[in-house]
Amino acid sequence: IDASRSTALLEAALDVPRNGNPGLTAILREAGVAEDAVAAARLVIIERACQRGESVASVWRAIATGQPPAALTAVVSEGRAILAGLAECPHEIDALIHALDGRYVRPAPGADPIRAGAAALPSGRNIHSVDPWRLPSDTALERGRQMAEMLLARHLAAHGRYPETVAQTLWALDTIKSEGEALGVALALVGATPERDGQGKIFRYALVPLETLGRPRIDVLLDVSSVFRDTFQLSLDLLDNLFRAAATADEPIEQNFVKAHVEAMVARGVPRAQASARVFSQQRGRYGTGVDELVEESAWEDTEQLASTYLQRNAFAYGGGRNGDAAPETLRSMLTTVQHVFQPIDSVEFGLTDMQHYYGHSGAVQLATRHLQGVAAPLTYAESYTGAVTMTDAADLLRLEARAKLLNPRWIEGMLSHGYSGAAEIGNRFTYLLGWGAIANAVDAWVFDQMAETYVLDDAMRARLAEANPAAAKNAVARLLEANGRGVWPADEATIAKLQAIHSDLEDQLEGVVSPTAERGGRA
Ligand code: BEZ
Ligand code: MG
C-alpha cells in the first residue's frame, strides 16, 4: 500500500491513549518538545519511524537531544503494526467469499483502527462485538464521566444551573467501538456506578450516595436506536432498573431530578410504573426514528410534522420487562424537562454532515424540545475519538465540517476519485445539510451559498459530478432548491433562476440516460 495515504490515520490513532501510553502528542509534550514544534515532530516520527522504518533513536536525533522517551518505542511499534494490518486489508474480499462458501473466518473484536489501533486490523474478519456483561468498560466509564462533567460545566457556564434532564442518544455501533462511553455518560449524570460479580460481570448500575456525588442527580432521557435496542437488552434492563431505583430513592427531590419528575408525573395521573420509563426507542420490529426518512423523501409539510413524527414513532419504553410498551405521556412529559441534548461522536469516519442519523436522532430530539417548550434545548456533541474529548455546539460543528470537509478541495477530489459512489456521497451531503437546516436551524446561509457555488454553479465541477453520477448532480441542485423553497436557505432570485435552469437541464440529461428510447423517438 501507499504508506503516505496512511498519515492521517496514524496521526489520529497514535494520539489515542492506549495500553498505559498517553498518546504521541502527549509523549512529545512530556519530553519537553515546544508546543509550536509538536505537530512537526509528530509528522517526522510518523513518516520516518513508522512509514519508512528508520530507528526510533535516529529519528529522535532530528527532534531533540538526549534519549528518546521510553513510551515512544511502543507508539512507533503500534504505528508499524497498524501499517502491517492495513497491508492485509485487501484480503477482505477473499474472506467474504470464504464466508459465503460457509467456511471459517477468523474472529475479531468490533473496533475501529483509530481507537483500537492495530487490534482492529486487518479488516475482513468475523467481528464479534463486545461482551455485553462488561459495558461500560473501565476506560469507557472514565471517559464517559469526563464527558458528563464537561457537559455539566458547559451548561452551568451558559445557564447558571444544572440541567434538570439531559436527553442522550445511544447507538449500538458506537457502543461496540467505544465499549460504552455513552453509557458511561448516562451513569455519571444520574450518579451511578457498575457493580460486578466475582467474575467481573456487571449485574447492577448502583446509585452512588448524594454526598459522594456532590451535586443533584440529573435526569436522563435515552433516545435509543433500534439497533441498540435489538443488540443490548441487558444494558436496557440495567438502565431501567437504575431509573426505577433513582425514582424511589429516599432523597429530597431538589437533589434528585429523576424522582422529582416521576413525582410530578404521578401527581398529574401518570401511572407510577410508566412515569419512571427513560429508555425509549421505536416499536418492536420498527427501525428508524422516521424523521430522516421524511426529509429524504421530501414528505413533510412543516417542522411540527417532523416533531410529531418523532413523538409518535419513538414513544416505546424498554428495559425491565417493559418490552416496548407505549408510554407517550412519559416521553412527552420528559421532553418538556430536557434542558440539554447530547450525543458523543465516536469516529472521524462519520460526522454530522456524513449521514442522516445524527439529525434523525439527537437533532430530532432537539426539534421535539423546540416544539414542546417553545425554545430548543442546546444540542452538544462530543468528539471522542482522539486522546482529548472536545465538546461543540451543533451549529459550530456544522460550520467546522463545512470548511474542513464539504468545501475542502482535498475532500472533494478524494470523493471524486471514487467515481459513481464518491459523487453519490457528495450528492447525499446536500440532503443532509437540508435536514440540519430544517430540523435544527443550524446551517448558515454561507454554507449553502458556497455549496451552490462550488458544486453546481461551477460549470466544470458540475460536469464532473454529472458525468460520474447524474442522479447525484441532480440531487445537489434539487436539495438546494428545496432548501430555498422551505425557507431554510435565503438565496437571491438570480441564483434560484440559474439553479432552476440547471435542474431542468440535468433532468433532461437524466431522462436521456434512464430512457434511451426517448432519443429514438419514444416507445414504438
Ligand atoms: C446504531 O449503531 O445504533 C445505529 C446504526 C445505524 C443508524 C443509527 C444507529
Ligand atoms: Mg458511528
Side-chain angles (χ1 to χ4, degrees), residues 108-116 120 123 127-132 135-137 140 144 147 167-186 220-239 278-297 306 309-310 313-319 324 341-368 379 381-385 394 397 424-425 428-429 431-432 435-436 439-440:
D112 81 70
I114 289 176
R115 270 173 190 286
S123 56
I127 62 170
H128 54 68
S129 179
V130 288
D131 180 352
L135 284 178
S137 69
M147 279 186 228
Q168 214 195 307
T169 294
L170 272 188
W171 282 354
L173 299 181
D174 301 49
T175 299
I176 293 170
K177 286 189 275 179
S178 74
E179 300 190 336
E181 281 179 9
L183 285 169
V185 176
V220 175
L221 172 65
L222 292 169
D223 163 65
V224 176
S225 79
S226 45
V227 187
F228 190 103
R229 172 201 64 197
D230 291 355
T231 313
F232 294 113
Q233 179 66 47
L234 182 65
S235 304
L236 303 180
D237 289 339
L238 295 177
L239 286 166
R278 294 291 181 274
V279 182
F280 283 86
S281 186
Q282 295 100 60
Q283 206 169 0
R284 279 197 183 287
R286 297 290 295 269
Y287 293 83
T289 64
V291 178
D292 51 285
E293 273 172 41
L294 289 179
V295 171
E296 173 72 33
E297 290 160 15
L306 296 175
T309 297
Y310 183 84
R313 294 255 317 200
N314 299 280
F316 302 89
Y318 286 89
V341 183
F342 174 70
Q343 182 171 8
I345 299 177
D346 70 302
S347 145
V348 276
E349 249 181 307
F350 292 101
L352 298 191
T353 53
D354 296 314
M355 58 171 164
Q356 66 275 48
H357 300 298
Y358 284 110
Y359 60 78
H361 274 273
S362 31
V365 173
Q366 187 201 37
L367 180 66
L379 172 58
Y381 290 92
E383 291 179 284
S384 77
Y385 39 80
L397 199 49
E425 290 293 335
N428 288 341
R429 296 317 190 265
T431 308
Y432 306 154
W436 275 115
I439 287 171

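Both backbone and side-chain heavy atoms feed into the values below; hydrogens, waters and symmetry mates do not. For ligands, and for the atoms within them, numbers begin at 1 and follow the listed sequence.
A cation-pi geometry, defined here as NZ or CZ lying under 6.0 Å from the six-membered ring centre and within 45° of its normal, does not hold between R284 and Y318.
Of the protein's non-hydrogen atoms, the one nearest atom 1 (C) of ligand 1 is A172 N, 3.3 Å. Of the protein's heavy atoms, S225 OG, 2.5 Å lies nearest to atom 3 (O) of ligand 1. At the top of the distance list for atom 8 (C) of ligand 1, counting protein heavy atoms only, stands H357 CG, 3.8 Å. At the top of the distance list for atom 5 (C) of ligand 1, counting protein heavy atoms only, stands V227 CG2, 4.0 Å.
Every N/O-N/O distance between L170 and ligand 1 stays at or above 3.5 Å.
No side-chain donor from either of S347 and R115 sits under 3.5 Å from a side-chain acceptor of the other. In this structure, a donor-acceptor pair under 3.5 Å is absent between the side chains of D223 and Q168.
Only one option out of M355, H357, H361 pairs with D292 in a side chain to side chain contact (heavy atoms under 4.5 Å, CB included); it is H357. The side chain to side chain contact (heavy atoms under 4.5 Å, CB included) with F232 is formed by just one residue from the set D237, L183, L170, I176; it is I176.
Interface of L173 with ligand 1, defined as ligand atoms under 4.0 Å from a residue heavy atom, comprises 1 (C), 2 (O).
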